[in-house]
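Structure first, then comments.
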Amino acid sequence: MLRTLLLILSNIILLGLYLDNSIPFTRQNITLIVILAIISLFIFFSRPEKNNSLKGQYLRHSTLVIFGYFIVQYQCLIDFTLGYIDYTNTFIWIDNSIVIKSALLSTIGLCSFMIGYLLRQNSPIKKLNYRVKNIGIYGTRILNFGSLTSLILYFYFVNPEYLAGYYGRTEIGTVARYIVVLLNVFVYATIIQNSRNIIASNNIPDSFLIFIKRQGIIINLIVIVYLLSVIFSGDRGPIMAYSLVYFGNYLFVTKKKYNLIKTSLLLIFGALIITTLGEIRSLDRSKSFIERFFTATGKDSEKMRNSILPATTELGTSIRALNLSLSHLPKNESYLNGRLQIQQLLTVLPFGTNLTELIFEDNSRRLTSSSRYITWINQGDFPTYGDGTSVIADFYIDFGVVGVLFGMILFGYLMRNAEVIMYAYKLPSLFSHAFFIGYLSHSIYVSRSTFLFELKEIVWLYAVLLLNSIVNQKSYKIKSFQ
């Protein structure tokens, strides 16, 4: 409880500073804000984990979210304090008059996330009933068929320019975007059901490689083919997501624990791969993929210099999404009052985005998502690339600092819930399984995405898993797990 009170006190101080418009953008002030963020992290991690299932386990939702969050919101700030970035870098800072507010808002979001997490950790509800009463070994032929069909349709409808390496500069295609969601749902559902079948059969794999083989050659080939297309397009999100879906389900099945050193090494290795792909995407597309790969990994790569973490420099520049938002709101326009969150909730329904035309009068393209809104702020009505978004920017555009405060508290609360379900239960309900895997798959990426980004996929994933279990009613039943 003391940690929660200290973080709440920190947020009160930060809110007071945020409302003070007279604080200048100086290296000293940015350094003080970064130090306060680090102190908040020490407060958060100062007490050992009491839950035996989570004790000693560092590869979990909260750790991954905070890791990604710190890169997105703080790497450029730390580079500035060290002299790697100066005041004149308008690409990152956008407007020097809002940088202090941006740094303070990032720290308010960080403290709020940790407050929400601790509120769930300290909840008097010790154990929620997420178990299923009976468990069956269900076949995955239907799921495999859905995965293969989705892959074929994906290549049929996807924009060829997207596959040629123009991710961020050209749209994947409206139909293809829905098909990618279906592909993810069917593949994730297959891996989840296979994982549950492994537990039901009490045949726990000895290694991650054996776990991958247990998924079957069909689903593994589908994943390889799809991810190769993703690599050539320049997108990186699906690579992180699929890696975490595989590895997350493996940890769920085996309950193996990864200490701080192992987790750090995995994160650094992952960051190197993702950042290298990002640099490949930024290079001249007239060159072959192999040529761009060697250029990106060679000594001539400019983006890999002058940073506290060179491997994540490109990811760290995502703070500009929040800076763009602060430069525009509320000075030039009112907050969107929850429109972005409502639209993301509507995406749960098939073609539910069409309902926005009935709810809102202005249906401009810029208002369809926070990433498009931020891109419009920077480039106007005729953008040539996407400027992206961040979880803080998404909350801020809708509700301002209040949205960041309460949105991140809710986010932290749910992430604690997700990791408890993942590690404390041998077999949770289908929805609980879909929920913790869905958010784990985007735990690193969510800081440069949105809080509700994964909701549609989770609901559809649950529906597909439920339908598969209904179709396979003749499954072998065994005693429920306690």
Side-chain angles (χ1 to χ4, degrees), residues 3 7 10-11 14 30-46 58-82 84-85 92-93 99-118 236-237 240 244 258 260-261 263-275 278 306-323 388-396 404 407-409 411-412 415-416 419 439-440 442-451:
R3 289 182 298 166
L7 289 171
S10 298
N11 252 0
L14 289 165
I30 292 295
T31 302
L32 289 173
I33 295 172
V34 171
I35 290 173
L36 183 55
I38 294 172
I39 291 173
S40 299
L41 284 176
F42 275 114
I43 293 172
F44 180 69
F45 289 108
S46 62
Y58 283 87
L59 214 162
R60 45 177 162 163
H61 294 73
S62 57
T63 308
L64 298 178
V65 169
I66 290 174
F67 172 76
Y69 187 93
F70 222 77
I71 291 174
V72 169
Q73 302 298 146
Y74 289 101
Q75 179 161 340
C76 284
L77 298 178
I78 296 173
D79 284 345
F80 174 72
T81 66
L82 297 176
Y84 296 137
I85 302 175
I92 294 173
W93 307 132
V99 177
I100 289 294
K101 282 190 176 293
S102 174
L104 288 169
L105 198 58
S106 296
T107 311
I108 290 170
L110 176 65
C111 290
S112 297
F113 177 86
M114 294 187 292
I115 289 169
Y117 184 93
L118 293 176
R236 295 158 297 168
M240 287 190 288
L244 287 169
Y258 279 71
L260 183 59
I261 295 176
T263 302
S264 299
L265 290 174
L266 284 173
L267 291 176
I268 292 170
F269 178 72
L272 283 169
I273 294 175
I274 296 304
T275 302
N306 300 328
S307 176
I308 188 173
L309 286 174
T312 58
T313 300
E314 194 272 341
L315 185 63
T317 59
S318 299
I319 193 176
R320 64 192 303 273
L322 178 58
N323 293 342
T389 187
S390 70
V391 66
I392 298 297
D394 189 64
F395 283 135
Y396 177 79
V404 173
M408 292 301 287
I409 287 175
F411 188 21
M415 290 306 95
R416 171 64 182 187
E419 61 190 33
Y439 269 103
L440 183 72
H442 285 84
S443 54
I444 297 176
Y445 183 81
V446 71
S447 292
R448 61 177 297 172
S449 181
T450 69
F451 169 54

Evaluate Ile33 against Ile100 for side-chain contact (heavy atoms from CB on, under 4.5 Å), listing each step before the verdict.
CA-CA 9 Å; Ile33 295 172; Ile100 289 294; 4.3 Å; yes
Which atoms form the tightest heavy-atom contact between [X] and [Y], and what is the distance?
{"X": "Leu315", "Y": "Arg448", "answer": "CD1-NH1, 3.0 Å"}
{"X": "Leu77", "Y": "Ala103", "answer": "CD1-CB, 3.8 Å"}
{"X": "Val72", "Y": "Ser447", "answer": "CG1-O, 3.9 Å"}
{"X": "Gln75", "Y": "Leu309", "answer": "NE2-O, 2.8 Å"}
{"X": "Cys111", "Y": "Ser40", "answer": "SG-OG, 3.4 Å"}

Step by step, would you call Gln73 with Leu322 a side-chain contact (heavy atoms from CB on, under 4.5 Å)?
CA-CA 9 Å; Gln73 302 298 146; Leu322 178 58; 3.8 Å; yes
Supply the atom-to-atom distance [X] [atom1] to [Y] [atom2], rounded to the nearest 0.5 angstrom.
{"X": "Thr313", "Y": "Asn306", "atom1": "OG1", "atom2": "CG", "value": "8.5 Å"}
{"X": "Leu32", "Y": "Thr107", "atom1": "CG", "atom2": "OG1", "value": "11.0 Å"}
{"X": "Ile392", "Y": "Met408", "atom1": "CD1", "atom2": "CE", "value": "4.5 Å"}
{"X": "Ile92", "Y": "Cys76", "atom1": "CD1", "atom2": "SG", "value": "4.0 Å"}
{"X": "Ile35", "Y": "Ile78", "atom1": "CD1", "atom2": "CD1", "value": "10.5 Å"}
{"X": "Arg3", "Y": "Ser46", "atom1": "CZ", "atom2": "OG", "value": "5.5 Å"}

Looking only at atom types and distance, does a side-chain atom of [X] sit under 3.5 Å from a main-chain N or O of [Y], one as donor and one as acceptor?
{"X": "Thr263", "Y": "Leu260", "answer": "no"}
{"X": "Ser449", "Y": "Val446", "answer": "no"}
{"X": "Thr63", "Y": "Tyr58", "answer": "yes"}
{"X": "Tyr69", "Y": "Ser106", "answer": "yes"}
{"X": "Asp79", "Y": "Ile308", "answer": "yes"}

Can you check side-chain contact (heavy atoms from CB on, under 4.5 Å) on Ser318 and Ser390, steps first, answer last?
CA-CA 7 Å; Ser318 299; Ser390 70; 5.8 Å; no
Using a 4.5 Å cut-off on heavy atoms from C-beta on, say whether the side chain of Ser112 contacts that of Val404.
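No. Closest side-chain heavy atoms not under 4.5 Å.
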Going by ring-ring contact (aromatic ring centres under 6.0 Å, His included), name the residues that satisfy it together with [X], two or more places apart in sequence or in a different chain.
{"X": "Phe44", "result": "Tyr117"}
{"X": "Tyr74", "result": "Phe70"}
{"X": "Phe80", "result": "Phe25, Tyr87, Trp93"}

Which pairs count as salt bridge (charged side-chain N to carboxylate O under 4.0 Å, His left out) when at least one residue sits in residues 59-73, sequence neighbours excluded?
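Residue pairs passing salt bridge (charged side-chain N to carboxylate O under 4.0 Å, His left out), neighbours aside: Glu49-Arg60, Arg60-Glu419.
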By side-chain hydrogen bond (donor to acceptor under 3.5 Å, both in side chains) - contacts of Ser443 (at least two apart):
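Testing Ser443 for side-chain hydrogen bond (donor to acceptor under 3.5 Å, both in side chains), a comparison that skips the adjacent residues, returns none.
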Full working for side-chain contact (heavy atoms from CB on, under 4.5 Å) between Ile43 and Ile39:
CA-CA 6 Å; Ile43 293 172; Ile39 291 173; 4.2 Å; yes
Would you say the side chains of Thr389 and Asp394 form a donor-acceptor pair under 3.5 Å?
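Thr389 vs Asp394: no donor-acceptor pair found between side chains.
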Partner set under side-chain contact (heavy atoms from CB on, under 4.5 Å) for Phe451, not counting sequence neighbours
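Listed in chain order: Val391, Phe395, Leu410, Phe411, Leu414, Tyr439.
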